[in-house]
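Here is the structure we will look at, set down as structure tokens.
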Amino acid sequence: MSNITINNKKKSEILAEKMNELKYGEMMTHAQISVLIDEPYPSGKYNFTITGAKKILLNNYNKTIENIQKEGYRVVEPDNFVNQSLKHYKRGFNEMKKGFDTLEHAPIKDMTQEGRNTYRRVHDRAITLAANMKGVSVELRTLGSKNHPMALENIKN
């Protein structure tokens, strides 16, 4: 019987607890993780367990991990949480852009009247959303910058 079954805990909980024991900047290799959770790397179950462990780490321990390609996962330093957060936002923005591009290239002339009406309603809102998201993207990038004009060290008396 595996250690995981005896402890009666989910693999993601066990991994999160072990990762929480690491100091900021320390890493756990894919091989170490694979042995701990008893799942081969790479596999769907391995990735599923990592995803669950990330949620537990963040919600229960205020830590997050980042993938170090072909090596393993490293505990993110506190000062790098903002950059990690911006990576997630960027991925979301990119997905929204794909949605907008799909709308932009829709074959409107081949749509039914009902399809065109739906297209126009969604497209109008998508244009507004795209403009807002562009502004937010620039703002987040600026706020995350070390040279932000509103940072205390940059304000002159």
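Fair warning: this is a prediction, and the values are worked out from it, not measured in the lab. One is the number of the first residue; the rest follow in order along the sequence.
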Original post:
Taking the side chain from Thr51 and the backbone from Asn47, do they hold a donor-acceptor pair closer than 3.5 Å?
Top reply: yes

Original post:
Taking Lys11 for the side chain and Ile37 for the main chain, is one N or O donor matched with an acceptor at less than 3.5 Å?
Top reply: yes

Original post:
Can you name the salt bridge (Lys or Arg N to Asp or Glu O under 4.0 Å) partners of Lys55, sequence neighbours left out?
Top reply: none

Subject >> Inter-residue atom distance Gln84.CD - Ile65.CD1, 0.5 Å rounding >> reply: 9.5 Å

**OP:** Report yes if the side chains of Lys63 and Asn20 come closer than 4.5 Å at any heavy-atom pair, otherwise no.
**Re:** yes

Original post:
If you measure from CZ on Phe93 to CE on Met133, what distance do you get to the nearest 0.5 Å?
Top reply: 4.0 Å

Original post:
Just how far is it from atom OH of Tyr46 to atom CG of Asp38, taken to the nearest 0.5 Å?
Top reply: 13.0 Å

**OP:** Report yes if some heavy atom in the side chain of Lys18 is under 4.5 Å from a heavy atom in the side chain of Glu21; otherwise report no.
**Re:** yes

Can you give each donor-acceptor pair under 3.5 Å made by side-chain atoms of residues 96-103, sequence neighbours left out, with the distance rounded to 0.1 Å?
unit_1, atom_1, unit_2, atom_2, d
Lys97, NZ, Asp101, OD1, 3.3
Lys97, NZ, Asp101, OD2, 3.2
Lys98, NZ, Glu95, OE2, 3.0
Thr102, OG1, Lys98, O, 2.9

Original post:
Between Arg74 and Glu26, is there a salt bridge with N-O shorter than 4.0 Å?
Top reply: no

Original post:
Are Glu13 and Lys10 ion-paired here, with the side-chain N under 4.0 Å from a carboxylate O?
Top reply: no

Subject >> Main-chain N/O of Glu114 paired to Thr118 side chain as donor or acceptor, under 3.5 Å >> reply: yes

Original post:
Got a sec: does the OH of Tyr89 have more than 12 other heavy atoms crowding it under 6.0 Å?
Top reply: no

Original post:
Taking ILVMFWY side chains as joined if any heavy atoms are under 4.5 angstrom apart, and letting links pass through other members, which residues group with Met27?
Top reply: Ile68

Subject >> From Lys109 atom NZ to Arg116 atom CZ, the distance as rounded to the nearest 0.5 Å >> reply: 11.0 Å

**OP:** Kindly indicate whether the side chain of Phe81, heavy atoms from C-beta on, has any atom under 4.5 Å from the side chain of Leu86.
**Re:** no

Original post:
Between CG of Asp124 and CG of Leu129, what distance do you get to the nearest 0.5 Å?
Top reply: 12.5 Å

Original post:
Does the side chain of Ile33 reach to within under 4.5 Å of the side chain of Leu15, using non-hydrogen atoms?
Top reply: yes

Subject >> Test item: Ser34 side-chain N/O and Glu39 main-chain N/O as donor-acceptor pair under 3.5 Å >> reply: yes

Original post:
What about Met28 and Phe48, same hydrophobic cluster or not, with Ile/Leu/Val/Met/Phe/Trp/Tyr joined at side-chain heavy-atom distances under 4.5 Å?
Top reply: no

**OP:** Any chance you could measure Asn132, atom CG, to Ile127, atom CD1, to the nearest 0.5 Å?
**Re:** 12.0 Å

**OP:** For residues Lys54 and Tyr73, determine if any side-chain heavy atom of one lies less than 4.5 Å from a side-chain heavy atom of the other.
**Re:** yes

Original post:
Is the shortest heavy-atom distance from the side chain of Lys87 to the side chain of Glu66 under 4.5 Å?
Top reply: yes

